[in-house]
Amino acid sequence: MRLYNTLSRQEEEFAPQRDGVVRMYACGLTVYARGHIGNFRTFLAVDLLRRTLRHVAGFEVHHVTNFTDVDDKTIAESQKAGVPLREYTTRFIEAFREDAASLGLEAPEDTPRATDQENLVAMADMIAALESRGHTYRSEGSIYFKISTLPQYGQLARLDHAGMISGARVDSDKYEKEDARDFVLWKATKPDEPTWDCGVGPGRPGWHIECSAMALRLLGPAPIDIHCGGVDLIFPHHENEIAQAEGATGHQFARFWFHVEHLLMDDGEKMSKSLGNVFTIRDILDQGYRASALRFLLISVHYRKQLRYSWATLQQAEEAVKRLYDCVLRLERVKDGTGADGWEARLETARADFRDKLQADVNVPGALGAVFELLREANAAVDAGTLSRAQAEATLTFFADCDKVLGVIALRRQEESAPPIPQDELDALMAARVQARRMRNFAEADRLRAELDARGVILEDSPTGTIWKRK
RNA sequence: GGCGCCGUAGCCAAGUGGUAAGGCAGAGGUCUGCAAAACCUCCAUCCCCGGUUCGAAUCCGGGCGGCGCCUCCA
């Protein structure tokens, strides 16, 4: 398995350090609003990574994704809504779970919240360790990380701080700091803000401390294998996570850094809550598009390339998913044939191709190519009537195995499981049409087809019978 | 101002030294009561200009264009 590592800016051979278990941490959502599709592009990329590690590379995975449920925005928004912070953020955690399920994200092994007691304690412990190692100072009730005490600071982002001048706003923090680059570990709180005291004095967590502390609490000891997140987190968030974890433990924090490029809107701008140009999963489903198509679109561009979202490409994804699912349906209905020559070997080639692509830095678009190449040949074999029942089954197994990683067919199957009209009514109408066709009463047969079409059901006739699909 | 990424057919997108995967759309054909689906055929020389090489979309240099980070952000 090869993975690009932001730390070295190179692709490297990857294997977990201990016991064949990959210990990975992915920065999650700040839960003051529903996540948008840009957020989910990243979560989907991480999902494909975890599925590849499990189902292709054969490792076990211990994957942690956090919810940031305390920061300036969550506090401000909950106050605006007049709802206690915990209750307010819980709503968006539930919304996230709903969206994640609709996109078919595998559940991480742990999804800690920053404000859970054991996590706050872990943060306080880490800050205490940093204090005893001389990496901090206190000022006006807050505790800061003193960057000048950590010579290796900046290795991930590779920023030239000496050259950080005009054009960049450096010091925007409202709090007192000795050096503009220093960052807050534990924030003094205002009277109306939630406060915790877990050993380092009253206050609330700074933005970065939760990830270092929770990652090591759940996945430690350092180093963990992979740390994931969007590219915008490289600096300052991940750089500061490294400073905290390494300052506190004296060991490397994470061996691999996996960063997902941004999703851009049609106009070429980054989608982000602060820019206000956001679409949620729900917005898109409400427009009548399927989650399976959205999933396909979001995984069909390599994770290290920017993905430009448009309705046209979503429609293209919809057509591709349809083609994939239709092939599966055909294979399921294949009657026993004489046997296609060399089909087993062909499946093996496709399988190897699929795996090779994914093992090369999770090249999902390349892997999709392998699937669709095989798909065309499978359709041709079905047309020719050569495929034996066993070969059809083997082909279905191939698709199912690919889908353990891609997760698109499973979603589509779920979407298609119930017809848009009552099943018994559908059955009756379809039976009536079979009867009409048998009597060569095509006018009646076409009338029934039109009636169903108007109600969202498409019929497809074939030598092996008629099947229905959602429109 | 500094750092970095990207530019492949009408659209989306792999490939990163050996002569352009795949998807969508389009054209023609086969099959078909109709309608679909499916199959077959066709559809690019890789932003521009130089250079290295037997050979470059792939390496180097210079342009042009797009985007990101340097500040909350997936």
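Because the structure is a prediction, the values reported are computed rather than measured. First the proteins, then the strands, lettered A, B, ... as listed; each starts at 1.
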Taking the [atom1] atom of each, how far is [N] from [M], in whole Å?
{"N": "B:rC24", "M": "B:rG1", "atom1": "P", "result": "46 Å"}
{"N": "B:rG7", "M": "B:rA14", "atom1": "C1'", "result": "15 Å"}
{"N": "B:rC46", "M": "B:rG15", "atom1": "C1'", "result": "11 Å"}
{"N": "B:rA57", "M": "B:rC6", "atom1": "C1'", "result": "14 Å"}
{"N": "B:rC47", "M": "B:rC54", "atom1": "C1'", "result": "27 Å"}
{"N": "B:rG23", "M": "B:rG66", "atom1": "P", "result": "32 Å"}
{"N": "B:rA56", "M": "B:rG50", "atom1": "C1'", "result": "14 Å"}
{"N": "B:rA44", "M": "B:rA20", "atom1": "P", "result": "12 Å"}

>> By a 5.5 angstrom centroid cut-off and a 30 degree plane limit, is there stacking between A:F442 and B:rG33?
In response: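 Check passed, A:F442 stacks on base of B:rG33.
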
Watson-Crick or G-U wobble mate for [N], both contacts under 3.5 Å:
{"N": "B:rU53", "value": "none"}
{"N": "B:rU32", "value": "none"}
{"N": "B:rG10", "value": "B:rC24"}
{"N": "B:rG4", "value": "B:rC67"}

Sugar-phosphate, base or nothing in reach of [X], heavy atoms under 4.0 Å:
{"X": "A:E319", "value": "sugar-phosphate"}
{"X": "A:G38", "value": "base"}
{"X": "A:G369", "value": "base"}
{"X": "A:L329", "value": "nothing"}

Among [options], which nucleotide sits nearest the side chain of [X]?
{"X": "A:E373", "options": "B:rA21, B:rG68, B:rG23", "answer": "B:rA21"}
{"X": "A:F235", "options": "B:rC70, B:rC34, B:rC72", "answer": "B:rC70"}
{"X": "A:A380", "options": "B:rC39, B:rG33, B:rC70", "answer": "B:rC39"}
{"X": "A:T30", "options": "B:rC72, B:rA74, B:rC39", "answer": "B:rA74"}
{"X": "A:H262", "options": "B:rC67, B:rC69, B:rG33", "answer": "B:rC69"}

Quick one: are the ring centres of [X] and [Y] less than 6.0 Å apart?
{"X": "A:W343", "Y": "A:F398", "value": "no"}
{"X": "A:F67", "Y": "A:F92", "value": "no"}
{"X": "A:F40", "Y": "A:F96", "value": "yes"}

> Which letter, B, S or -, goes with each nucleotide of nucleotides 4-14 of chain B from 5' to 3', with contact meaning a protein heavy atom under 4.0 Å?
Replying inline: --SS---BSSS

Check this for me, if you would: do [X] and [Y] make a salt bridge, where the nitrogen-to-carboxylate-oxygen distance has to be below 4.0 angstrom?
{"X": "A:D401", "Y": "A:K404", "value": "yes"}
{"X": "A:E94", "Y": "A:R91", "value": "no"}
{"X": "A:E415", "Y": "A:R412", "value": "yes"}

> Around A:D192, counting heavy atoms of other residues, nucleotides and ligands shown, do more than 12 lie under 6.0 Å from its CG?
Replying inline: yes

>> Counting only heavy atoms from other residues, nucleotides and ligands, does the tally under 6.0 Å from CZ of A:R440 exceed 12?
In response: no

>> Looking at A:R376, I'd like to know whether one of its side-chain N or O atoms comes within less than 4.0 Å of OP1 or OP2 on B:rC39.
In response: no

Take the protein atom [atom1] of [X] and the nucleotide atom [atom2] of [N], then report the distance between them rounded to whole Å.
{"X": "A:F296", "N": "B:rC24", "atom1": "CZ", "atom2": "C1'", "result": "10 Å"}
{"X": "A:F354", "N": "B:rG22", "atom1": "CZ", "atom2": "P", "result": "17 Å"}
{"X": "A:L368", "N": "B:rG22", "atom1": "CG", "atom2": "P", "result": "13 Å"}
{"X": "A:K471", "N": "B:rA36", "atom1": "NZ", "atom2": "P", "result": "12 Å"}
{"X": "A:L375", "N": "B:rA37", "atom1": "CG", "atom2": "P", "result": "14 Å"}
{"X": "A:E460", "N": "B:rA35", "atom1": "CD", "atom2": "P", "result": "13 Å"}
{"X": "A:L233", "N": "B:rG68", "atom1": "CG", "atom2": "P", "result": "16 Å"}
{"X": "A:E239", "N": "B:rC3", "atom1": "CD", "atom2": "P", "result": "17 Å"}

> What orientation do A:W257 and A:H238 show, parallel under 30°, tilted 30 to 60°, or perpendicular over 60°?
Replying inline: tilted

> Mind checking whether A:F258 and A:Y303 have parallel, tilted or perpendicular rings, split at 30° and 60°?
Replying inline: parallel

> So which one's nearest nucleotide on RNA chain B is more toward 5', A:F43 or A:A443?
Replying inline: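 The residue whose closest nucleotide sits nearer the 5' end is A:A443.
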
> Mapping A:Q315 and A:E377 onto RNA chain B by nearest heavy atom, which one lands closer to the 5' end?
Replying inline: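 Comparing both residues, the 5'-ward one is A:Q315.
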
> With side chains defined as the heavy atoms from C-beta onward, is the minimum distance between A:M24 and A:I224 less than 4.5 Å?
Replying inline: no

>> Are the side chains of A:R330 and A:V334 in contact, using a 4.5 Å heavy-atom criterion?
In response: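 No. Closest side-chain heavy atoms not under 4.5 Å.
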
>> At less than 3.5 Å, do the side-chain atoms of A:D461 and the base atoms of B:rC34 form a donor-acceptor pair?
In response: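 Such a pair is found, so the answer is yes.
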
> B:rG33 base to A:R437 side chain: any donor-acceptor pair below 3.5 Å?
Replying inline: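 Present.
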
> What parts of residues 444-458 of chain A reach RNA chain B, counting only heavy atoms under 4.0 Å away?
Replying inline: A:D446, A:R449

> side chain to side chain contact (heavy atoms under 4.5 Å, CB included) with A:R449: which of A:L429, A:D461, A:T466, A:V457?
Replying inline: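 Of A:L429, A:D461, A:T466, A:V457, side chain to side chain contact (heavy atoms under 4.5 Å, CB included) with A:R449 is met by A:D461 alone.
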
